[in-house]
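Just so it is clear, the model here is predicted, and its values are computed rather than measured. No hydrogens, no waters, no symmetry mates; every other heavy atom, side chains included, goes into these values.
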Amino acid sequence: MAKFKEKLSGRIFFTLALTSITALAIITLFIFREGVPMLGSVLGSTWAPSRGEFGIIPMVAGTVSVTLGAALIGVPIGICCAIFMAELAPERMRNMFRPAIQLLAGIPSVVYGFWGMMFVVPFIRNYLGGPGLSIVAGSVVLSLMMLPTIISISEVSVLALPRTYKEGALALGMTHWQTIRSVQLPAAKSGIVAAVILGMGRAVGETMAVIMVLGNAVAFPTSVLDPVRTLTTNIGIEMGYATGEHRQALFATGIVLFVIIMALNITAQNLTRKKIKK
Amino acid sequence: MKRKVFALLLSCALLFGVTACSDDAGGSSGGSGGSAGRIVVMAGSTSVQPFAEVLAAEHERGGGSLVDVHGGGSGQGIASIRNGNADIGMSSRALRGDELELSFVTIARDGLALIVHPSNPIAGLSIEDIRAIYKREITDWGELGGTPGNIHVVTREEGSGTRGAFEEMVMRETQRSTVKHDVPVPPCEDCELCNTCSNSENERTIVFEREVSTITDHPIHARTIVLNTNGAIRQFVAGNPNAIGYISLGTVVICGLSPVKQLGVGGVSPFFRAVSERGIELFDESCSGSECCPAYEFNPAYSLSRPFVFIVGEEPTPEALAFIGYVLSDTGQNLLESHGLIKRSERDARGDSFVWEGV
């Protein structure tokens, strides 16, 4: 009887677990079925659905530039914050920081976008020039949004290092800073890189906040103060009115996005796996 | 034939109410029973949607059937009639091509307003100037006689009815030219009925002059900022002294929202500078409260306007017809006018795809 219960519960859990996988499979299948017919025609550089042109390369450039900009701002801050929390912060301060960073992850993206629209965009317009809706504005907003991912994963990977690394370095007469810089950081490198990549994945996938601050112009950016459109905002901004080929082109945009995010996640996963093997 | 039936149904629904009509209409109005009736489902243009909602609320208050208004865009409004998902489709552009086979009626006209920051000294632009701005041929307000500074141009997203209307009314350039044709004249023996046949050897051709119009659709420049609602564009323009954008005229004069300035187009302002009942001149910058709201008038000479169209299927429900009847009635039209639209004109009525025999 007990054995039967074991078996039954196992089956039930398996079925429920299967549901999530099936959902993923169905969504993937649907996106590909809708998008694949247009996949060939999205490789141009002009997006003008009313004239039958569906090139999304400028948006790939937009996604890349905004994500790199966000990483440029967010990665140094995030890694420093992680090191501070793992190594330098006193216990009490650490207990204050952790929930605060979790809170940062919990703020809805539309709130970030609204804040960016009301404060970051006018600031950029007044002090840096241009219309304000720009790569810089998007990068600032996204850098805040990727911080929680970068901080928590990097912190964990620093904390996961064997204590002997730190003790050995200190015993050899290294200062605390030298230990961090030349022993702990290199040792935790793969975890930190994974953290950065996952943070970038977060930035690539973000939609709502960037619609509000990026300006959404479909053109290759020539300066960081230019408005751009990312792959996600292209879907978000045009889905309401899209029909026929236009709609398929948006699904094709989704496929490109899907592939980029998959690539980022697989890279991050491989990096963490390698570390565990060691 | 279908059109006739439709017109008959429509007038029936108007004159005798819903139930009286069921005898003549046969099977097509099977669902009519009592004043509650079936729900009328509407879908389409998000520009028409807010007005349809106001009309629906008033219609229900007057004892009409429930009207459920959805958005989705003009394209979806037309599609929803084709695939039978809605009773009435809404479009904020004129129907074209094979869409003209559908039964449609123009309920009112909306305009586009070009808006700039209130501090902008420019009072109006020509269509050509606006086109050049959106093509990025003019990039500095100094070139237009304003305060020098880069123009920050903002537009709606592809597929939006408002953008479609803007592209149609501003970015489309129609050039008229006369083309001369030399038409050879056949000799007299070949054409006896012809008045212009030539007897002499010298006059072998006649010159015809024909007027030809060439239509060029100029694309909006790719570097133009794109925002996806009227509200977002107004917000952007209200906060940016160098900005220019366009929004639906019906959404521009909503009191208490961020102040923007409407530009005249081709020397014609979209509104009369009417004086309200309380003696306040409208669009006075010192007046921004609700006291400025009540009286303003559309200027019929303003060129940037577009039709708001209701589309129905082949066999519209009596409830849907009753609602259209209400919209086209004086009450409905006055309601639309009070919300910033231009009433349906004789000219609009002539363009409809069925004969409107309303009261």
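By the 6.0 Å contact criterion, CZ on F114(A) is open, its count of non-hydrogen atoms from other residues, nucleotides or ligands being 12 or less. Counting non-hydrogen atoms of other residues, nucleotides and ligands closer than 6.0 Å to CZ of F123(A) gives a total of 12 or fewer.
Between the side chain of R125(A) and the main chain of G239(B), a donor-acceptor pair closer than 3.5 Å is present.
Contacts with chain A were tallied for I225(B), N228(B), V226(B), L227(B); V226(B) has the most, counting heavy-atom pairs under 4.5 Å. Listed options S45(B), S74(B), G73(B), A222(B) were ranked by heavy-atom pairs under 4.5 angstrom with chain A; first place goes to A222(B). Highest contact tally toward chain B, considering only P58(A), G132(A), G236(A), G130(A), is held by G130(A) [criterion: heavy-atom pairs under 4.5 Å].
Considering OG1 of T229(B) and CD1 of I211(A), their distance stands at 10.5 Å, rounded to 0.5 Å.
Taking both residues in full, the closest heavy atoms of P221(A) and R223(B) are given as CA-NH1, 4.2 Å, listed atom of the first, atom of the second, then distance.
In this structure, the side chains of Q235(B) and M212(A) stay at 4.5 Å or more apart for every pair of heavy atoms. E158(B) places a side-chain heavy atom less than 4.5 Å from the side chain of S50(A).
If you measure heavy-atom distances from D226(A) to chain B, the contacts under 4.5 Å come from the side chain alone. Interface remark: P49(A) contributes backbone and side-chain atoms alike to the contact with chain B (heavy atom separation under 4.5 Å).
The contact list for residues 144-157 of chain B toward chain A, using heavy atoms and a distance under 4.5 Å, reads H152(B), R156(B), E157(B) by residue number. Of all residues in residues 128-142 of chain B, none places a non-hydrogen atom less than 4.5 angstrom from a non-hydrogen atom of chain A.
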